[in-house]
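Atoms within a ligand are numbered from 1 in the order they appear, just like the ligands themselves. Model, not experiment: these values are computed from the prediction.
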Amino acid sequence: MKIEFLNLGRQPIANGFRTKDDKSEEQFFDLRIGFDDETNLVSLMGFVDKSKLFNDEYVYVSSGSETMRRHFSAIASMLKARFGPSAILEIGSNDGVFIDNFDPDSTVAVEPCGNFAEITNSKGHKTFSMFWNAQAADAVLAHRGPVDVVFAANCMCHIPELLDAFVAVESVLAPFGIFVFEDPSLDEMIRNYSFDQIYDEHAHIFSVIALSNVLELAGLEIFDVERIGVHGGSNRIYAKRIGDLSHDVTARVGAAIGSEVALGLDSMDTYKLFAQTVRSNCQDLVTTLSRLKNEGHRVIGYGATSKSTVVYNYCGIGPGIIDYISDTTAHKQGKLSPGVHIPVVPPTAGGIEDGVDYAFLGAWNFKKEIMSKEKAFIDRGGKFITHVPSVHVIP
Ligand code: TMP
C-alpha cells in the first residue's frame, strides 16, 4: 500500500511555460508523494495525465547542455565496447542526442513527443511517436525484431504503469539481450534533500531496492549498477532476463542495495524525517531571498528548470523576489514560468551581467558547468545561492 509522506501543494505543469498573453486557465494539481510498503517504490500519490505532459509541444531538449551531450556520447561508446549490439532500441529518444551515435541500420526508437520524433526520423532513425507500452513493443518487433540492447535515459521514471513498461521491455529483448536505463537516484535525493526531483513528470524516484522488486515481477534482474553524476545523481541500471547466465551479477548490486538499506530507504521513518527537513529548508530559502531583496540586492533565477518550478511554487517565491530567470532554452525564453509567473529571458537579454547580485541556481544539477561558465559574474562579486542540500551561498 502506498502511504503519503510529503505534500508539495498545488503545482502547475512543471514545464508549462506560458506566453505573456495566454488568457487560458492554468492547470494545477496536487503534488503529493508516497512510499509503497510492499515494493518500497517512491511515487506520486496521483499521476498527471501523460498526454498533458508529453506531447508535440514538449520543451525539454536532452542535448541542451554540454554536460549531457558528452554524457550520451560516452555511454554510447561504452555500450558499443562492452556489448557490441547489432540492434538497439531507445525508449524516449528526445532529440536523438544518444541514438544518433549509432548507425541508423541498427536502431529503432520510441518517443511520445511528436516534435522530437520528427527530428530523429529525419536523421534516419525509425522513431515511433508513441508512449512506451505493449503496442509500442509490437511496433518495434515488427520493424526491427528482437533487440540486443534497450536503452532509456530519464524516461522509465516518467511512466506511471512501471510494471507494464518493464514487461514490454522484456518482450522485445533478444535471448541474451539487456536493458540499460538511468534515472535520478532516490538515495541522492534523500541525502541531499533535493525534493525538487519530485515533479509531475517524475512519477517515481527510484531506489535500487524498489527497482529490483518491480523488475523481478517482469522476469528481469539487475546484474550491474553504476552511480553517475548527471541530473543531481543518478543510477544506471543494467538488467537481464532472470536465468540468463551470460552476464554475471556484479558485487556493485549488493553494495548499492546494502547502502540504501543502511540509509533507511526501506523504511517509512526515513521519509517522514526527510519531509520535516524539506519544510524547514523551504522556509529558510524564503527568508534568505526576501532578506537579500529587502536589502536592495538584485536577485534572479539561473535555469528555468522543472525542478525550480516546484521550488518556486511550493515555497511561494514569485516575481516580487526573483526579477527574472535566465535560461538558454529558446522555447522557454520570453515566456512566464509556470504558476508563479516569473519572466524567463535569454542570458543575452539582461542576463547575469546586468547588475545582478545573487542568482538562485534553479539548474543546481549543472553546478559545475555553470560555475566555470559564469566566472566573470563570480569574479565581479556575483553570488550563486542553492537550496541543495541546505540553503547557502556557493563558495
Ligand atoms: P534540467 O535541469 O531540467 O535539465 O533543465 C536545465 C535547464 O537549465 C534548461 O532549461 C537549460 C538551463 N540552463 C541554462 O540556462 N544555462 C546553463 O548553463 C545550463 C547548463 C542550463
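Nearest to atom 17 (C) of ligand 1 among the protein's heavy atoms is Lys373 NZ, 3.4 Å. Of all protein heavy atoms, the one closest to atom 1 (P) of ligand 1 is Tyr60 CE1, 3.7 Å. Thr305 CG2, 3.4 Å is the protein heavy atom nearest to atom 5 (O) of ligand 1. Scanning all protein heavy atoms for the shortest distance to atom 2 (O) of ligand 1 gives Asn365 ND2, 3.1 Å.
In this structure, a donor-acceptor pair under 3.5 Å is present between the side chains of Asn15 and Glu201. A donor and an acceptor atom, one from each side chain of His204 and Ser43, are located under 3.5 Å apart. For the residue pair Gln197/Lys307, the side-chain donor-acceptor check at 3.5 Å is not satisfied. In the model, Asn281 has no side-chain atom that pairs as donor or acceptor with a side-chain atom of Ser390 under 3.5 Å.
Of all heavy-atom pairs between His297 and Tyr358, the closest is CG-CE1, 3.7 Å.
Between Glu369 and ligand 1, not a single N/O pair is under 3.5 Å apart. Backbone and side-chain nitrogen or oxygen atoms of Thr328 are examined, and one is located within less than 3.5 angstrom of a nitrogen or oxygen of ligand 1. At least one N/O-N/O distance between Asp327 and ligand 1 falls below 3.5 Å.
Taking the side chain as every heavy atom from C-beta outward, Asn235 and Glu182 never approach each other to under 4.5 Å. You'll find the side chain of Phe166 reaches within 4.5 Å of the side chain of Val214, heavy atoms only.
When non-hydrogen atoms are compared, ligand 1 lies under 4.0 Å from neither the backbone nor the side chain of Glu66.
For His231, the heavy-atom gap to ligand 1 drops under 4.0 angstrom.
Heavy-atom proximity to Ala363, at under 4.0 Å, picks out these atoms of ligand 1: 8 (O). Of all atoms in ligand 1, listed by their number and element, those nearer than 4.0 Å to a heavy atom of Lys332 are 9 (C), 10 (O).
A cation-pi arrangement, defined by a distance under 6.0 Å to the six-membered ring centre and an angle within 45 degrees of its axis, is present between Lys50 and Phe131.
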